[in-house]
Structure formats: C-alpha cells, structure tokens
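The model shown is predicted, which means the values in this text are computed figures rather than measured ones. Letters A, B, ... are given to chains in the order of the sequence lines, protein chains preceding strands, and every chain is numbered from 1. Values below: every heavy atom of this structure, side chains too, minus hydrogens, waters and symmetry copies.
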Amino acid sequence: DTAVSQTPKYLVTQMGNDKSIKCEQNLGHDTMYWYKQDSKKFLKIMFSYNNKELIINETVPNRFSPKSPDKAHLNLHINSLELGDSAVYFCASSQVLGYHNEQFFGPGTRLTVL
Amino acid sequence: AQKITQTQPGMFVQEKEAVTLDCTYDTSDPSYGLFWYKQPSSGEMIFLIYQGSYDQQNATEGRYSLNFQKARKSANLVISASQLGDSAMYFCAMREGQAAGNKLTFGGGTRVLVKP
C-alpha cells in the first residue's frame, strides 16, 4: 500500500563506516530523487534518476553513490561516513510527463553519525 | 541569490482563523511550477498544492489556496479555518523547466503553531 518506502527509518553508526539506504516506489513513476534535510530543516536535492539514468548530481561528495537497479528502486550508499552526514535523507519519486509532476516523498531515514 | 525565500521562520495562528504563509521565488525560466509541502512533527513530507506558471487561476485544494502573483514572483499559501492538526513546518518549492531535471528547490520553511 505504501507509495514510497525507505529502509531503514533510523540509522546510527560510527564515523568512518559505510552504510546504505534503500528506497522503493510502487507508483510506476519514471524519476526518483534523493534529498538531504539538515538540522535546520533545509531540504536540498542530491541526486535524481530518470529511467535508471543519473540526471542530477548536485555537487555531492563522491563518498555518496546512488544506484538505481530499476525504475522502482533507488539506493544510496555512503562511504566513510562523517559527522556532517548526520541528517534526514528523503527519497522521492515523480512522473516527469504529467500536469504538475508532484513528487511523492518517502518517510525519511534519520542518519546519525557518532 | 536564493531561488525560494520564505521570510517567516515561525508564526502562531488561532484555531479557526486563516493564515497566510509567504513565498517569493526567483527564476528566469518561463515554465516553472510552485509547490507547497507540509511536514508535521512526525517528519513525512505531504504535498498540499501546486501552481503552474501558465495557470490562469489560483490553485485551490480544500482549505488550501495559493495566492499566485506572477509579476511579483510570489506564491503565498493561505490556510483557511486553521485546525490544530495544521501545526507543522510548511515548505514552498519550485520546479524549473525540463532542463533543470525536475528537481525541487525548497525554501527554508515556516513553522506554524495553531493555538486552541
């Protein structure tokens, strides 16, 4: 029933570790996104994939590597985690061709790096 | 320059009253869309309303309406008859033309607290 799902919902880890966040959408959308929300609630695009092709990479450190195995999935792998990576990460999806292409957001993954 | 500006970091509103949340934007693209999202304390992002740059009429969705003033580049959200459940962060966002990859650029948000 869930439109955009993310796992895990909470992630607590040590500096230097590698972790992944998974995202799946069952809306049949062709575009998926990763956004980062910092401690001041500011939301910023990180990546966007359209039909499994990377179309946006917003000057994100290359420790972050998105992977889209198919249109319904977009995962985010983070290497060598740093304190500044602590944030809420949102996955979203939309259909590019459509009236207003509203983006549907997942519930978010709260990442805490200790 | 900021593409989306929300000048009100926080505001109180009395239950059952209307509240206007300000949003101004900056783009040179003639084709764009403006969105409002609500983020309650539980953290999810909920889509509220959309206004396209070519739309002739202001968008409305239930108790939400958008006061779109294109020449002034503003897209204020009006919530009528506020309810306690309207207490949340509200974000204005813009999607520029296809060349921008359909990403949303967000404002800093406005925290609304509805008082009983």
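- Between B:Q39 and A:F105 there is no side-chain heavy-atom pair separated by less than 4.5 Å.
- Crowding of A:K22 atom NZ: a count of heavy atoms from other residues, nucleotides or ligands under 6.0 Å not exceeding 12.
- By the neighbour-count criterion of 12 heavy atoms within 6.0 Å, atom NZ of B:K70 is densely surrounded, having more than that number from other residues, nucleotides or ligands.
- One distance of note links CE of B:M45 with CZ of A:F90; it measures 6.5 Å at 0.5 Å rounding.
- Looking at B:Y37, its side chain does come within 3.5 Å of a backbone N or O of A:Q103 through a donor-acceptor pair.
- In terms of modelled atom types and a separation under 3.5 Å, the side chain of A:Y35 and the main chain of B:L104 share a donor-acceptor contact.
- If you chain together hydrophobic residues whose side chains sit under 4.5 Å apart, A:L81 and A:L83 fall into the same group.
- Remark: A:E24 engages no residue in a side-chain hydrogen bond (donor to acceptor under 3.5 Å, both in side chains) (not counting sequence neighbours).
- Note on B:V112: it does not cluster hydrophobically with B:I46, by side-chain heavy-atom contacts below 4.5 Å among ILVMFWY residues.
- Taking hydrophobic clusters as Ile, Leu, Val, Met, Phe, Trp and Tyr residues chained together by side-chain heavy-atom distances below 4.5 Å, B:L77 shares a cluster with B:M94.
- By a heavy-atom distance cut of under 4.5 Å, A:K41, A:F42, A:L43, A:I45 are the residues of residues 38-47 of chain A near chain B, going up by number.
- Considering only heavy atoms from C-beta on, A:E102 stays 4.5 Å or farther from B:Y50 through its side chain.
- Residues B:L21 and B:V114 share a single hydrophobic cluster, defined by chaining ILVMFWY side chains whose heavy atoms lie under 4.5 Å apart.
- Residues A:I21 and A:V88 do not share a hydrophobic cluster, defined by chaining ILVMFWY side chains whose heavy atoms lie under 4.5 Å apart.
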